[in-house]
Amino acid sequence: MGKRAIVHVDLDAFFASVEQLENPKLKGKPVIVGGPANRGVVAAASYEARRFGLKAGMPIAKARRLCPHGIFISGNHYRYGQYSSQVRGILSRYTSQIEPLGLDEAFLDLTGCQRLLGPAPVLKIKKQIFEEVGLTISVGVAPNKFLAKLASQLDKPDGFVVITEENALQIIHPLPVSHIWGVGPRVTEELDRLGIRTIGELARTPLASLEALLGSYARTIHDFAWGKDERKIRSPSLAKSIGAERTFKEDIERKSDARHRLFQLTDKVGWRLRKERYLARFITIKIRFSDFKTITRRTSLANPTDVSDLLFQTAWSLTEKVAWRGRRIRLLGVSASGLLKTSYFEQLSLLEDSVDKKRRALLAVDKIKEKYGRESISRGGR
Ligand code: DCP
Ligand code: CA
């Protein structure tokens, strides 16, 4: 593989920084976002709060003890999603090779760009995000994903670190093994028992003895310890869509029939989205008339969703705008696109509460359907 320019970007104290941005009174203060919706743990702590030893995942009760004058906020997860999209919009000016990682991190492949322009595009990304969105981001540039992600963490907040093939080992070998992606407290402890504390020590340990301890994962982290990582940027395909369509035995004339059929189709699409764990951003309807003339209409959903009713509402309002009265419909189709992996949203409890309730009910129904067959529960849509 030729030399690559992989960039990892990571927003600083993301949720907490958004709160400080929206309420200037919170600037420079210890702000902690978390609480009940996050199961009673700290989701984000501003850098001011971190001085008191606070960090993500810590129980709120402990955080209050360590930082009694901290400002505790339960947060507005929906807004964080909006900031995240805004930042992604800026990133996509530079390349289509973007792999988002959660809400506030992404890999970019700037291989072509970088060779021509040096660090300039990366500095421009930082500048544009700060000027247009108001948030600071830490950036790592390196020949691969592992090194880029490690680099972005080295100089937080507002960091900018370049790791090259030449300086890589010098930079990473003195660092503790916990800097390696995927090496959590458990693995750190096991390595510690073998006397392996730094990445350099890990690199110099024979692969076979690591394999005895860690199985197939050993090779990956051993390669990482030598600065090696061949993984490509995997940008989620915007082309992918999930759809359902139906040609009717008899052409449809009545509005109520069309509405019912459309409901069944969106129900199916919603079910498949949930099964494949996607949220859709766009919905497209397709209508074929009895004379075979076919039209499609597309619109964006108010929020990314996998809730059948919300897909239906949008699809129906698109359908109603088409002048089809007096014509007969031979085929109806619905497809959902602009798919985003549900896990990002769920993990950060980013779904609005009312929508989340609906989703949970649907997921329960999906389970029954899976167990007893799709026909076990049918939903009447009128
Ligand atoms: N998050 C969460 N629960 C966690 C960890 C994180 O809800 N246990 C959310 C809140 C964070 C966001 O995800 O703001 C990003 O997580 P990071 O681990 O990247 O942490 P921060 O962005 O807060 O801080 P840093 O500056 O270290 O990146
Ligand atoms: Ca972050």
Side-chain angles (χ1 to χ4, degrees), residues 78 81-82 84-86 88-89 92 236-342 344-345 350-352 354-359 361-363 365-366 369 374 377-382:
Y78 179 62
Q82 292 179 317
S84 172
S85 321
Q86 216 184 331
R88 274 205 206 140
S92 60
S237 157
L238 287 180
K240 184 176 164 70
S241 66
I242 287 180
E245 59 177 51
R246 176 100 193 240
T247 304
F248 307 114
K249 278 199 205 98
E250 287 172 34
D251 296 350
I252 287 178
E253 272 189 87
R254 290 190 5 224
K255 185 174 173 176
S256 61
D257 288 340
R259 192 178 147 95
H260 180 58
R261 293 304 196 170
L262 194 76
F263 183 90
Q264 291 175 326
L265 291 168
T266 48
D267 194 35
K268 195 164 171 185
V269 169
W271 181 71
R272 285 190 50 203
L273 284 170
R274 296 191 295 278
K275 206 165 123 102
E276 295 188 32
R277 305 191 56 70
Y278 284 114
L279 301 182
R281 281 183 295 167
F282 306 106
I283 194 137
T284 306
I285 56 147
K286 173 165 150 190
I287 305 180
R288 178 167 297 145
F289 295 104
S290 49
D291 58 3
F292 279 85
K293 190 173 158 22
T294 307
I295 57 150
T296 59
R297 295 282 183 275
R298 181 179 127 131
T299 190
S300 54
L301 291 149
N303 295 308
T305 191
D306 60 4
V307 173
S308 308
D309 292 6
L310 300 176
L311 299 172
F312 170 70
Q313 280 160 25
T314 306
W316 180 242
S317 67
L318 271 181
T319 311
E320 278 198 303
K321 279 192 206 128
V322 175
W324 54 272
R325 293 235 196 123
R327 303 166 82 181
R328 284 178 301 136
I329 296 176
R330 179 181 161 78
L331 170 150
L332 269 180
V334 176
S335 90
S337 57
L339 306 182
L340 303 168
K341 271 289 174 196
T342 311
Y344 297 145
F345 288 76
L350 198 96
L351 300 157
E352 277 178 301
S354 58
V355 171
D356 202 30
K357 265 197 203 116
K358 240 186 204 167
R359 284 191 72 241
L362 282 172
L363 290 170
V365 172
D366 290 349
K369 274 188 188 164
R374 272 191 58 76
I377 300 181
S378 68
R379 309 182 64 215
R382 295 281 158 186

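Values in this document were obtained by computation on a predicted structure and should not be read as measured data.
Here the side chain of R274 pairs a donor or acceptor atom with the backbone of D306 at under 3.5 angstrom. The closest donor-acceptor contact from the side chain of T314 to the backbone of L311 lies at 3.5 Å or more, if one exists at all.
Take K255 and apply the salt bridge (charged side-chain N to carboxylate O under 4.0 Å, His left out) test, not counting sequence neighbours, and it matches E320. For S85, the side chain to side chain contact (heavy atoms under 4.5 Å, CB included) criterion is met by no residue, not counting sequence neighbours.
Counting all heavy atoms, side chain and backbone alike, S337 lies closest to R298 at OG-NH1, 3.8 Å. Considering every non-hydrogen atom in both I252 and A258, the closest pair reads CG2-N, 3.8 Å. Of all heavy-atom pairs spanning I329 and W324, the tightest one is CD1-CE3, 3.8 Å.
Between K321 atom NZ and W316 atom CH2 the span is 12.5 Å, to the nearest 0.5 Å. Summarising the geometry, atom CG belonging to L265 is positioned 11.0 Å from atom OG belonging to S335; distances are rounded to the nearest 0.5 Å. Note: R246 CZ to K268 NZ = 8.0 Å, rounded to the nearest 0.5 Å. The CD1 atom of I287 lies 4.5 Å from the CD1 atom of I295; values are rounded to the nearest 0.5 Å.
Of the residues listed (V334, T296, T299), the one engaging T284 in a side-chain contact (heavy atoms from CB on, under 4.5 Å) is T296, and it is the only one.
Sorted by first then second residue, the salt bridge (Lys or Arg N to Asp or Glu O under 4.0 Å) pairs that include residues 326-338, not counting sequence neighbours, are D251-R328.
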